[in-house]
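Being a predicted model, the structure only gives us computed values, none of them experimental. For the numbers below, each heavy atom of this structure counts, side chains included, while hydrogens, waters and symmetry mates do not.
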Amino acid sequence: MQNLLFFMLLFFLKSSTVSAESFNLNIYFRFDDQETMNLSENEKYLQIKASSVWEDSFGDFGIADCLGYMTVSINSGTKFHAYCEGENQNNDKFWLKFFRNSEDMDAGTGISSYINGTGKYKKFIGIQCPYAVKYYKDRAFFKQKCKLDTEY
């Protein structure tokens with residue numbers, strides 16, 4: 001079921017047409033460090049540090065470093081909250097906040113928000129975008145699609 005939901009979301013993100021310009025961001029994470037605390041038989045807390053490379057639909061590419069936490073419960077699912085600092089090939093930076101609350105740990109959907117930016121990313125501040133993520137071992141694959149109301 002989780003894979004079906006993930007692929008349906010990806011299909012929606014790829015095939016939807018919008019009147020405003022869209023901006024796509026693909027991030028490929030590698031988890032550098034993870035601390036886990038078992039809260040009970042059914043629940044655990046994880047602190048995560050990750051590094052990544054990314055590319056976007058405007059032809060930019062770069063790196064990002066992220067810090068976050070996740071709680072995983074058999075009863076209530078997964079809650080994920082993280083912050084990332086990204087930098088493109090021209091040294092423009094952006095800061096993203098991620099939030100996800102889903103029944104599944106291996107895949108899910110959430111909302112990302114641009115909380116700060118320099119250079120071209122100043123115009124992104126305040127934009128919220130849906131994302132889909134899929135985990136595999138110590139990696140994660142992330143796809144975000146934003147609707148932009150003004151020209152960037």
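Apart from I115 itself, the hydrophobic cluster it occupies contains Y83, W95, where clustering links Ile, Leu, Val, Met, Phe, Trp and Tyr at side-chain heavy-atom distances under 4.5 Å.
The minimum heavy-atom distance between K123 and I127, with the atom names listed, is O-CD1, 4.0 Å. Considering every non-hydrogen atom in both I111 and P130, the closest pair reads CD1-CA, 4.2 Å.
Judged purely by atom type and a 3.5 angstrom limit, S57 uses its side chain to pair as donor or acceptor with the backbone of N24. Listed for the D56 side chain is a donor-acceptor partner under 3.5 Å among the backbone atoms of F58. Under a 3.5 Å cut-off, the side chain of S112 and the backbone N or O of C129 do form a donor-acceptor pair. Under the 3.5 Å distance criterion, the side-chain polar atoms of N88 are matched with a main-chain donor or acceptor of N90.
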| Please walk me through it: do E21 and K147 pass side chain to side chain contact (heavy atoms under 4.5 Å, CB included)? | CA-CA 6 Å; E21 183 176 8; K147 293 179 185 176; over 6 Å; no
| field | Verdict with supporting geometry, R100 and V133, side chain to side chain contact (heavy atoms under 4.5 Å, CB included) | value | CA-CA 10 Å; R100 176 169 76 93; V133 63; 3.9 Å; yes
| query | Going through the distances and angles, do L25 and W54 end up as a side chain to side chain contact (heavy atoms under 4.5 Å, CB included)? | reply | CA-CA 7 Å; L25 178 67; W54 59 267; 3.5 Å; yes
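Residues forming a side-chain contact (heavy atoms from CB on, under 4.5 Å) with Y28 (at least two apart in sequence, or on another chain): N26, V53, E55, F141. Applying the salt bridge (Lys or Arg N to Asp or Glu O under 4.0 Å) test to D138 and every residue at least two apart in sequence or in another chain returns R30. With sequence neighbours excluded, the residues satisfying side-chain contact (heavy atoms from CB on, under 4.5 Å) with L39 are M37, E43, Y45. Shown here are the side-chain contact (heavy atoms from CB on, under 4.5 Å) partners of A82, two or more places apart in sequence or in another chain: F80, F98. A search for ring-ring contact (aromatic ring centres under 6.0 Å, His included) contacts involving Y114 returns F94, F124, not counting sequence neighbours. Not counting sequence neighbours, the partners of Q89 by the side-chain hydrogen bond (donor to acceptor under 3.5 Å, both in side chains) test are D60. The side-chain contact (heavy atoms from CB on, under 4.5 Å) test applied to E41 returns no partner, not counting sequence neighbours.
Between F29 atom CZ and S52 atom OG the span is 5.0 Å, to the nearest 0.5 Å. For the atom pair D32 CG and S51 OG, the distance stands at 3.5 Å (nearest 0.5 Å).
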Enumerate donor-acceptor pairs with a distance under 3.5 Å from any side-chain N or O in residues 65-74 to protein atoms, sequence neighbours excluded.
from	atom 1	to	atom 2	distance (Å)
S73	OG	N75	N	3.1
S73	OG	S76	N	3.2
S73	OG	S76	OG	3.4

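Within the 4.5 Å cutoff, the side chain of F142 has no heavy atoms near those of the Y135 side chain.
Hydrophobic cluster membership differs between F99 and L96, with clusters built from Ile, Leu, Val, Met, Phe, Trp and Tyr side chains linked at under 4.5 angstrom.
Within the structure, the salt bridge (Lys or Arg N to Asp or Glu O under 4.0 Å) test picks out the following pairs touching residues 68-85 (sequence neighbours left out): E85-K93.
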